[in-house]
Amino acid sequence: MSKDLTKRSENYSQWYNDLVLKADLAENSAVRGCMVIKPYGYSIWEMMQAALDKRFKETGHSNAYFPLFIPKSFFTKEASHVQGFAKECAVVTHYRLKNAEDGSGIIVDEDAKLEEELIVRPTSETIIWHTYRGWIQSYRDLPILVNQWANVVRWEMRTRLFLRTAEFLWQEGHTAHAKADEAIAETEQMLNVYAEFAEKYMAIPVIKGIKTANERFAGAIETYCIEAMMQDGKALQAGTSHFLGQNFAKAFDVKFTGKDGAQDYVWATSWGVSTRLMGALIMTHSDDQGLVLPPKLAPIQVVIVPIYKGEEQLNQINDIAFTLKTALQNKGISVKYDNRDTQRPGFKFAEYELKGVPVRIAIGGRDLENGTLEIARRDTKEKETVSKEGIAERVEKLLIEIQENLYQKALALQNNMTHSANSYDEFKSILETKGGFVYAHWDGTTETELKIKEETKATIRCIPLNNKKEEGKCIYSGKISTQRVLFAKSY
RNA sequence: CGGGAUGUAGCGUAGUCCGGUCAUCGCGCCUGGUUUGGGACCAGGAGGUCGCAAGUUCGAAUCUUGCCAUCCCGACCA
């Protein structure tokens with residue numbers, strides 16, 4: 001297998017595809033649009049899951065599991081929700097196969113038609129709110145704070161590994177509250193959980209904001225989001241948190257009796273992040289040599305590679321390496337010692353660079369004599385020969401430094417890719433020449449938003465939270481505007 | 001789902017126009033040996049229903065039709 005990746009400068013999307021395959025993250029499967037997530041890719045996802053799950057629990061949520069299948073009739077109960085998802089649903093119509101009478105193979109048994117078709121969940125609001133109806137009678141039953149880790153299916157026409165697949169893995173939180181402001185606080189809290197996760201773990205700076213009516217989740221009153229900037233100047237929605245109002249409670253007739261004895265519909269939120277985060281991680285940090293992983297999400301944080309002549313030398317290096325491995329592990333650092341004799345050191349160096357391992361330690365004959373070792377960091381490619389004394393502490397600090405450096409680099413990238421436009425011509429020229437985020441005045445109408453999208457391909461990614469109020473004129477219509485919104489071409 | 005391109009060994013490919021020892025080459029893989037401070041070298045070896053299915057023909061990787069998959073461009077979307 002050729003290990004060479006397409007260069008980012010030559011073809012960014014080809015680079016991304018190559019990287020996902022060659023770093024062993026995922027591959028296409030026999031089913032169109034559905035991916036196989038390979039062990040290495042999945043272990044990164046598991047790191048993400050672990051960090052998020054911990055935060056969900058800390059904020060009072062519990063995990064549960066709801067069915068993969070949703071009765072079709074549930075879907076029709078919330079009008080905008082159906083409309084939003086109808087075009088991309090997989091539908092189960094039969095429950096049995098049989099042998100064809102002409103011996104041509106196995107066919108669907110038409111006698112086994114389902115009375116009511118089942119939809120493979122594209123999201124679980126409907127089945128969950130149907131279920132919550134049975135769980136909620138009184139304000140004492142509230143709030144309900146539930147999350148589920150699951151797969152969902154959206155029949156996408158054009159798919160890309162991790163970024164958009166027909167089936168993907170995600171978590172979806174679904175909460176029920178007695179008061180609107182409590183639900184809004186929950187929505188905002190989870191947005192902050194996502195933003196912190198993106199910045200502290202993924203080392204990706206994000207813009208928090210709310211979606212326009214046009215970009216809002218089907219069935220939500222308000223959609224909050226975090227938006228990230230990729231190296232090619234396109235934005236990527238990394239997470240969403242929805243205030244659903246009483247829409248689903250009304251659709252599924254979920255009422256509770258308050259302290260005062262009055263009945264009211266329950267207030268809802270839902271929030272999710274998906275395996276798409278893998279795409280964000282790749283496109284934010286990686287380079288032409290391969291994946292670059294932030295230490296906090298790296299399945300292997302440190303790899304140790306021996307360089308030796310003869311078995312005797314290998315044995316000496318083994319002793320040092322195993323001692324070092326233990327010392328690092330005692331500090332909670334994940335280490336791999338790769339003393340395979342079937343590959344040479346140079347090959348291993350290239351391989352672990354491709355896979356984004358943050359720190360590499362090489363130990364060779366020279367080091368045996370000098371009591372040193374070579375330590376190399378993936379993010380900057382710097383190499384240094386250092387004394388093996390105090391190496392565990394040094395590596396521990398280095399991992400923190402790498403994590404911070406990746407964030408700062410990504411932040412600088414985001415800043416460089418963020419522009420302001422004061423006229424439509426300027427707006428278009430920025431999009432054509434530089435890409436990235438563009439702050440511009442907008443008159444607040446869906447009509448204008450759609451026109452701009454049609455003419456430039458750029459969409460309003462969000463109206464940033466805590467946005468600076470500023471008098472201005474809409475770049476498209478010239479109408480009065482009170483603030484700039486964030487435009488970008490997006491994934 | 002519409003338009004375009006592509007599909008030959010695990011990967012990348014030659015051959016396809018002009019049907020007939022054409023299944024080519026490189027990487028990878030296996031065995032043995034020598035090696036090991038940035039993707040090793042030598043020798044030997046294995047591996048292919050030419051995406052799938054029909055059709056045309058004495059004969060199809062090559063021509064025709066249908067299907068499937070991937071990539072690019074649109075519409076749609078986390």
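Keep in mind that what you see is a predicted model, and the values were worked out from it rather than measured. In the text below, chain A, chain B and the rest are named by the order of the sequence lines, each starting its count at 1.
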request  = Report the C-alpha distance between A/D379 and A/E401 in whole Å, list the side-chain angles of each, state the deciding distance to 0.1 Å, and finish with yes or no for side-chain contact (heavy atoms from CB on, under 4.5 Å).
outcome  = CA-CA 10 Å; A/D379 59 336; A/E401 197 183 319; over 6 Å; no
Give each protein N/O atom lying under 3.5 Å from an N/O atom of nucleotides 44-47 of chain B, with the pair distance.
none

Show me the protein contacts with nucleotides 2-5 of chain B, counting only N or O atoms at under 3.5 Å.
none

RNA chain B contacts among residues 281-310 of chain A, heavy-atom distance under 4.0 Å = A/I307, A/Y308, A/K309
message = If the cut-off is 4.0 Å, is A/R344 near the phosphate of B/rG37, judged by side-chain N/O to OP1 or OP2?
response = yes
request  = With the side chain of A/S274 defined as its heavy atoms from C-beta on, choose the nearest nucleotide among B/rA75, B/rA78, B/rG38.
outcome  = B/rA78
query = What pair of heavy atoms forms the shortest contact from A/M230 to A/M417, and how long is it?
reply = O-CE, 4.3 Å
message = For B/rG26, give the paired nucleotide (Watson-Crick: N1-N3 plus N6-O4 or O6-N4; G-U: N1-O2 and O6-N3; both under 3.5 Å), or none.
response = B/rC11
request  = Could you tell me which residues satisfy side chain to side chain contact (heavy atoms under 4.5 Å, CB included) with A/K57, sequence neighbours excluded, listed by chain and number?
outcome  = A/D53, A/N63
request  = For the side chain of A/E374, starting at C-beta, report the closest nucleotide among B/rG37, B/rG38, B/rC72.
outcome  = B/rG37
ask   = If you measure from the C1' atom in B/rC25 to the same atom in B/rU8, how many Å do you get, rounded?
value = 13 Å
remark   = Of the listed B/rA78, B/rG38, B/rG39, the closest approach to the A/E351 side chain comes from B/rG39
message = Using a heavy-atom cut-off of 4.0 Å across all strands, would you classify A/E156 as base, sugar-phosphate, or nothing?
response = base
query = For B/rA69, which nucleotide in any strand shown is its Watson-Crick or wobble partner with both distances under 3.5 Å?
reply = B/rU6
request  = Just call it for A/K457: base, sugar-phosphate, or nothing, with non-hydrogen atoms closer than 4.0 Å on any strand.
outcome  = sugar-phosphate
inquiry  = Counting only side-chain heavy atoms from C-beta out, which of B/rG37, B/rC29, B/rG38 sits nearest to A/D367?
reply    = B/rG37
request  = With heavy atoms under 4.0 Å as the rule, sort A/R366 into base, sugar-phosphate or nothing.
outcome  = base
key: Rounded distance in Å between the P positions of B/rG45 and B/rG55   = 41 Å
task = Select base, sugar-phosphate, or nothing to describe what A/G84 touches, counting heavy atoms under 4.0 Å on all strands.
result = nothing
task = Under the side chain to side chain contact (heavy atoms under 4.5 Å, CB included) rule, collect the residues that match up with A/A235, sequence neighbours excluded.
result = A/E227, A/M229, A/F437, A/R461, A/A488, A/S490
query = Can you tell which of A/T459, A/T223, A/I463 makes a side chain to side chain contact (heavy atoms under 4.5 Å, CB included) with A/K211?
reply = A/T223
key: All side chain to side chain donor-acceptor pair (under 3.5 Å) counterparts of A/Q49, not counting sequence neighbours   = none
